[in-house]
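Just so it is clear, the values below take in all heavy atoms, side chains as well, and ignore hydrogens, waters and symmetry mates. Within every chain, numbering begins at 1; the chains are lettered A, B, ... in the order of the sequence lines, protein sequences first and strands thereafter.
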There are 2 protein chains.
Amino acid sequence: MSRNPLNDLAGLGDYLREQRLSHRLSLRQLSELAGISNPYLSQIERGLKRPSAEILQQLAKGLEVSAETLYVKAGILEHHPEAESTTSTVRDAIAADPNLTDRQRATLLDIYESFTGADPQR
Amino acid sequence: MSRNPLNDLAGLGDYLREQRLSHRLSLRQLSELAGISNPYLSQIERGLKRPSAEILQQLAKGLEVSAETLYVKAGILEHHPEAESTTSTVRDAIAADPNLTDRQRATLLDIYESFTGADPQR
DNA sequence: GCATTCTGCTAACTAGAGCAAGCACAATGG
DNA sequence: CCATTGTGCTTGCTCTAGTTAGCAGAATGC
């Protein structure tokens, strides 16, 4: 009984806190974005409370993450039926992003590949 | 205000009752299959109570329907046919990548945001 | 020094999900 | 004619998700 995806509220909480911090948001800022109270968000992140799907939906919006991702972490959705070869997803997203210059694209891909230890051209 | 998928508990209830009857199950039979109480199932079908995702998951199992279907009916999932093109953002892709550690995720997001000049909030 | 304004957290409460027990009504059949 | 067994539903309760109000500490500025 360590890291069961079901009823693993601590894992979900950790993930939410990471996401919030990586977006440089305070508890109050995210709670307002998501339309929930800040003490409650605090309790969710610490794994003290089990948020409903509605709350997860609003948090997903505030964090600019897909609701499905949070549902999977919360154990109410199976991990994507047709998960494409995970290795190419981030690359595709970077390649398709119109907000990046070509140089920025290349830099991001380099960093990503250094992280995953992948060969540059798959 | 006709058939809004969100907060449309009557529509969900009707659907559940149809499914149950088409499987020729009584309230008690299905409630036992799903591991919930029969009065509660009755109230759900009549749109008096709003079931949680966990309950919907168990009902889906008892009715041999996908949980996603019920989630969509309950308004907690977008009708996500398959091709997710619009919102396949770099952020989502990075967040969902299981090959990254949490620190790496945060680092990549930082860099990405510095590139796009995105205000972390918004 | 001490206000102010952030940060996250605790405490006390309200509303509603979900439960067990039991009711009313039909249909059986002894 | 009554007992049984099935159906769905009502009542009253427990427990917890989610709330508002307020607290302690760190960082700013007067």
Side-chain angles (χ1 to χ4, degrees), chain A residues 4 6-63 67 70-71 73-77, chain B residues 6-63 67 70-71 73-77 102 106 110 119-122:
Chain A
N4 186 322
L6 289 141
N7 81 4
D8 176 15
L9 33 175
L12 172 65
D14 290 347
Y15 176 77
L16 285 173
R17 177 153 294 189
E18 286 166 17
Q19 289 298 310
R20 175 173 64 83
L21 294 177
S22 76
H23 283 248
R24 297 196 192 85
L25 293 170
S26 71
L27 276 174
R28 280 180 175 77
Q29 287 173 325
L30 176 56
S31 70
E32 185 160 4
L33 278 176
I36 70 176
S37 73
N38 70 79
Y40 184 44
L41 177 54
S42 167
Q43 289 167 322
I44 292 173
E45 287 186 348
R46 284 175 296 151
L48 301 180
K49 295 276 171 100
R50 176 177 311 235
S52 70
E54 285 80 4
I55 297 289
L56 291 175
Q57 212 176 15
Q58 300 175 78
L59 283 173
K61 196 179 299 179
L63 288 173
L70 296 188
Y71 292 169
K73 295 265 180 189
I76 66 176
L77 250 196
Chain B
L6 287 142
N7 81 4
D8 178 16
L9 37 174
L12 173 65
D14 290 347
Y15 176 77
L16 286 172
R17 179 153 293 191
E18 284 168 19
Q19 288 298 311
R20 175 172 65 82
L21 293 178
S22 76
H23 284 247
R24 299 205 185 75
L25 293 170
S26 71
L27 277 174
R28 280 180 175 79
Q29 286 173 326
L30 176 55
S31 70
E32 184 159 5
L33 278 176
I36 71 177
S37 73
N38 70 80
Y40 185 44
L41 177 55
S42 168
Q43 289 167 320
I44 292 173
E45 287 186 347
R46 286 175 295 149
L48 301 180
K49 294 278 172 96
R50 176 175 310 238
S52 70
E54 285 81 4
I55 297 290
L56 290 176
Q57 212 175 16
Q58 299 173 80
L59 283 174
K61 195 180 302 180
L63 287 173
L70 295 188
Y71 292 169
K73 294 265 180 189
I76 66 176
L77 250 195
D102 296 325
D110 282 348
D119 18 24
Q121 47 190 8
R122 205 281 294 234

**Student:** List the residues meeting side-chain hydrogen bond (donor to acceptor under 3.5 Å, both in side chains) with A/Arg28, not counting sequence neighbours, and say none if there are none.
**Tutor:**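 Residues passing side-chain hydrogen bond (donor to acceptor under 3.5 Å, both in side chains) with A/Arg28: none at all.
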
**Student:** Distance-only check: which donor-acceptor pairs under 3.5 Å involve side-chain atoms of residues 33-44 of chain B, not counting sequence neighbours?
**Tutor:**
residue	atom	partner	partner atom	Å
B/Ser37	OG	B/Tyr40	N	3.4
B/Ser42	OG	B/Arg46	NE	3.3
B/Ser42	OG	B/Arg46	NH2	3.1

**Student:** Mind checking whether B/Leu12 and B/Pro51 have side chains closer than 4.5 Å, heavy atoms only?
**Tutor:**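 Yes; the side chains approach each other to less than 4.5 Å.
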
**Student:** Would you check, one step at a time, whether the test side-chain contact (heavy atoms from CB on, under 4.5 Å) holds for A/Leu56 with B/Ile76?
**Tutor:** CA-CA 9 Å; A/Leu56 291 175; B/Ile76 66 176; over 6 Å; no

**Student:** So, for A/Leu30 and A/Arg20, which heavy atoms are closest and what is the spacing to 0.1 Å?
**Tutor:** CD2-CD, 3.8 Å

**Student:** Return the NZ to CG distance between A/Lys61 and A/Leu63, rounded to the nearest 0.5 Å.
**Tutor:**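 Output value for this atom pair is 12.5 Å.
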
**Student:** Select from B/Asn38 and A/Pro39 the residue whose nearest nucleotide in DNA chain C is closer to the 5' end of that strand.
**Tutor:** A/Pro39

**Student:** Check the interface with nucleotides 16-18 of chain D: list each N/O to N/O pair with the protein under 3.5 Å, or write none.
**Tutor:**
residue	atom	partner	partner atom	Å
D/dA17	O5'	A/Arg50	O	3.4
D/dG18	OP1	A/Ser52	OG	2.7
D/dG18	OP2	A/Tyr40	OH	2.1
D/dG18	OP2	A/Ser52	N	3.0
D/dG18	O5'	A/Tyr40	OH	3.2
D/dG18	N7	A/Lys49	NZ	3.1

**Student:** For B/Glu54, which residues count as a side-chain hydrogen bond (donor to acceptor under 3.5 Å, both in side chains) partner, sequence neighbours excluded?
**Tutor:**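 Result, side-chain hydrogen bond (donor to acceptor under 3.5 Å, both in side chains) vs B/Glu54: B/Ser52.
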
**Student:** What is the first contacted nucleotide of DNA chain C and what is the last, in 5' to 3' order, if contact means an atom lying under 4.0 angstrom from a heavy atom of chain A?
**Tutor:**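 Footprint of chain A along DNA chain C, 5' to 3': C/dT7 to C/dT10.
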
**Student:** Taking side-chain hydrogen bond (donor to acceptor under 3.5 Å, both in side chains) as the test, write out the residues that go with A/Gln19, two or more places apart.
**Tutor:**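 Once residues adjacent in sequence are excluded, A/Gln19 has no partner under the side-chain hydrogen bond (donor to acceptor under 3.5 Å, both in side chains) criterion.
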
**Student:** Is there a side-chain contact between B/Arg46 and the phosphate of D/dC9, meaning an N or O under 4.0 Å from OP1 or OP2?
**Tutor:** yes

